[in-house]
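Below is one structure, written out as structure tokens; the observations come after it.
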Amino acid sequence: MTRFIFVTGGVVSSLGKGLASASLASLLQHHGYKVRIRKLDPYLNVDPGTMSPYQHGEVYVTDDGAETDLDLGHYERFTGVISKKSDNITSGRVYQKIITRERKGEYLGATVQVIPHVTNEIKEFISNDLEQEDFVICEIGGTIGDIESLPFIEAIRQFHNDNGHENSLFIHVTLVPYIASSGELKTKPTQHSVKELRSLGIQPNILLCRSDRIIPEGERKKIGLFCNVQHNCVIQAINANSIYEVPINFYNEGLDKRVLEYFNLDANKAIDLKMWSQVSKHVLEPEGKVIIGIVGKYTGLADAYKSLNEALSHGGIFNNVKVELKWFESEELNSSNTTSLLANCHGILVPGGFGERGSEGKIAAIKYARENKIPYFGICFGMQLAVIEMARNILGIQDANSSEFSNCNNSIVGLMTEWTTSDNTTEKRSKTDDLGGTMRLGSYEAKLRKGSKIFYIYKDEIINERHRHRYEVNNKFADEFESKGVIFSGYSPDGLLPETVELKDHPWFIGVQYHPELKSKPFEPHPLFKSFIDAAKKHKDE
Ligand code: GLN
């Protein structure tokens, strides 16, 4: 039987509902249960694919090619359960489906309304495409009180009624702020938020109270009393030193127990959270440090490169070093300041990206890393720009560029007009296609050349990695490049699309057309990140 846990947020956004959901899921896994986590996003975009990273943080891509909320990345990293397209919906997707159906006349003359048509669609999503999971945790995006989340709240209220109260549980994540001038923790915002939730017909069963300090017994009792929640279900969620401590903290506060008791399941089984404490220890007590320079465009917002940050930290966990990230706004870099700005980096990385702005700064950083033999890791855009840099400076093609940019006469990187999917169908694209959902998306196989550096790193010839790009490196220069030591060491199985590039005469210079960061996990760091951080460590010790 599948039980449902709904996680809502109150007071302010960014309280870490995603991490809370992922941490609870991990605890339930430790109790031996099969879990799945889903995200319901109330915004009107069909998916976050067309949103600026400044608006929404990174776009997380699933194996099956969905562009989703970055919380799905937390879910995967914390639970190891591979997220699917069916684990994330938005209001936009719900309305798109309903309106398409309405235009086809499928509602048979009915007036199409938020209740029941939108709410039915949301309820259908919640329980759709499951594989006998014991628990499904559904995180509702946004904050209680937002107009756009109302249909979602109404849908979970109905779901709770339809499926029997004993089969679903509501967790509300709130904030208990400390007011310095009065020296007190304040419970009122939580009271108001729960009042709002109750006015929508939902009585939370558990409150997860975010706070920067211990919430005294008296305050917890007060919250329980005013919010109509049992005293032991008012759980404090104190700021953790590392995200890996969150499951341990929740366990110590009895969150898993309260959940299992609610569902009448054995709550007394002791579980061993050694894996979390070990990984926390590595993060908090590393034995050394490497500095990685990241040259990107959204460096002001850490969430814009969420999975990348995590994957680099996983590489650090594996190598027992702290990975300090130095962010560089690509527009501020040029060939005359790279030496002074990048000099103390032990590795340089250019992540995925879009558009011309800042691309010359990235190319300058790549040239610096290549010429000074500093480990370089180019991810997607970072690979394309590395090939452009080498076409200009090694092959002497001065005007080498990408057709993604306005003034491109010699496209070393060009629009991908045709490719073969994993089920052998052909995808075709043209310049005038929609931007949303039309990239080469999701997991694709690549074949690595035996004897190459990347083959040595993966220790495998066939790999599967997630893609999200519209352009590709032009294959026609492969032989010329090879004669100069620039090796296209990985290709799509049909041998047409370059997937990886590496330099022979360089300690570590690798570009990949895919996004390896999306598959890295703290307990299973990605081989490329392990190897890159190891190379940075060696560079530091030189
Ligand atoms: N802008 C490039 C493309 O669309 C790279 C995309 C990316 O880095 N994810 O091909």
Side-chain angles (χ1 to χ4, degrees), residues 47-54 56-63 65-68 70 73 294-299 303-309 311 330-331 348-363 365-366 376-389 391 400-408 411-419 427-444 446 465-475 488 490 492 496-501 510-520 528:
D47 60 43
T50 54
M51 270 190 253
S52 152
Y54 271 134
H56 192 263
E58 130 189 304
V59 174
Y60 189 77
V61 180
T62 59
D63 269 345
E67 295 176 281
T68 69
L70 59 80
I294 303 184
V295 185
K297 214 160 65 171
Y298 305 101
T299 52
D303 269 2
Y305 300 105
K306 192 78 205 161
S307 295
L308 179 66
N309 295 350
S330 46
E331 273 185 306
I348 292 172
L349 190 149
V350 174
F354 294 84
E356 191 167 14
R357 184 168 67 80
S359 58
E360 289 302 324
K362 292 177 187 178
I363 288 175
I366 295 167
Y376 172 72
F377 195 0
I379 294 181
C380 204
F381 204 37
M383 161 172 164
Q384 297 175 354
L385 295 178
V387 175
I388 291 172
E389 188 277 317
N401 225 325
S402 167
S403 57
E404 182 170 358
F405 311 148
S406 48
N407 296 318
C408 175
S411 55
I412 297 293
V413 175
L415 182 73
M416 206 171 7
T417 50
E418 197 172 307
W419 68 92
E427 290 275 343
K428 289 194 181 198
R429 295 288 184 271
S430 81
K431 259 199 157 115
T432 50
D433 281 351
D434 282 353
L435 289 183
T438 55
M439 281 187 259
R440 182 178 182 229
L441 287 168
S443 183
Y444 280 86
E465 293 284 3
R466 295 183 194 169
H467 292 67
R468 181 174 185 249
H469 59 117
R470 207 179 301 284
Y471 297 83
E472 59 169 323
V473 168
N474 200 326
N475 200 9
F488 290 171
S492 56
L496 295 176
L497 306 174
E499 290 274 9
T500 72
V501 67
I510 291 178
V512 294
Q513 185 56 80
Y514 46 82
H515 289 273
E517 72 275 23
L518 300 176
K519 283 175 77 164
S520 187
L528 281 170

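Whatever order the structure lists ligands and atoms in, that order sets their numbers, starting from 1. Heavy-atom basis, side chains included; hydrogens, waters and symmetry copies ignored.
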* To do: Dump the intermediate steps for side chain to side chain contact (heavy atoms under 4.5 Å, CB included) on Q513 and Q384, then the final yes or no.
  => CA-CA 7 Å; Q513 185 56 80; Q384 297 175 354; 3.2 Å; yes
* Asked: Please walk me through it: do E404 and R470 pass side chain to side chain contact (heavy atoms under 4.5 Å, CB included)?
  -> CA-CA 9 Å; E404 182 170 358; R470 207 179 301 284; over 6 Å; no
* Could you go step by step and tell me if L497 and M416 meet the side chain to side chain contact (heavy atoms under 4.5 Å, CB included) rule? -> CA-CA 9 Å; L497 306 174; M416 206 171 7; 4.2 Å; yes
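Checked against side-chain hydrogen bond (donor to acceptor under 3.5 Å, both in side chains), H515 has the following partners two or more places apart in sequence or in another chain: E517.
Looking only at side-chain heavy atoms (C-beta outward), E499 and S492 come within less than 4.5 Å of each other.
Near ligand 1, G352, G353, F354, C380, F381, Q384, E404, R468, H469, R470, Y471, H515 each place a heavy atom less than 4.0 angstrom from the ligand.
Taking a cutoff of 4.0 Å between a charged side-chain nitrogen and a carboxylate oxygen, E67 and R468 qualify as a salt bridge.
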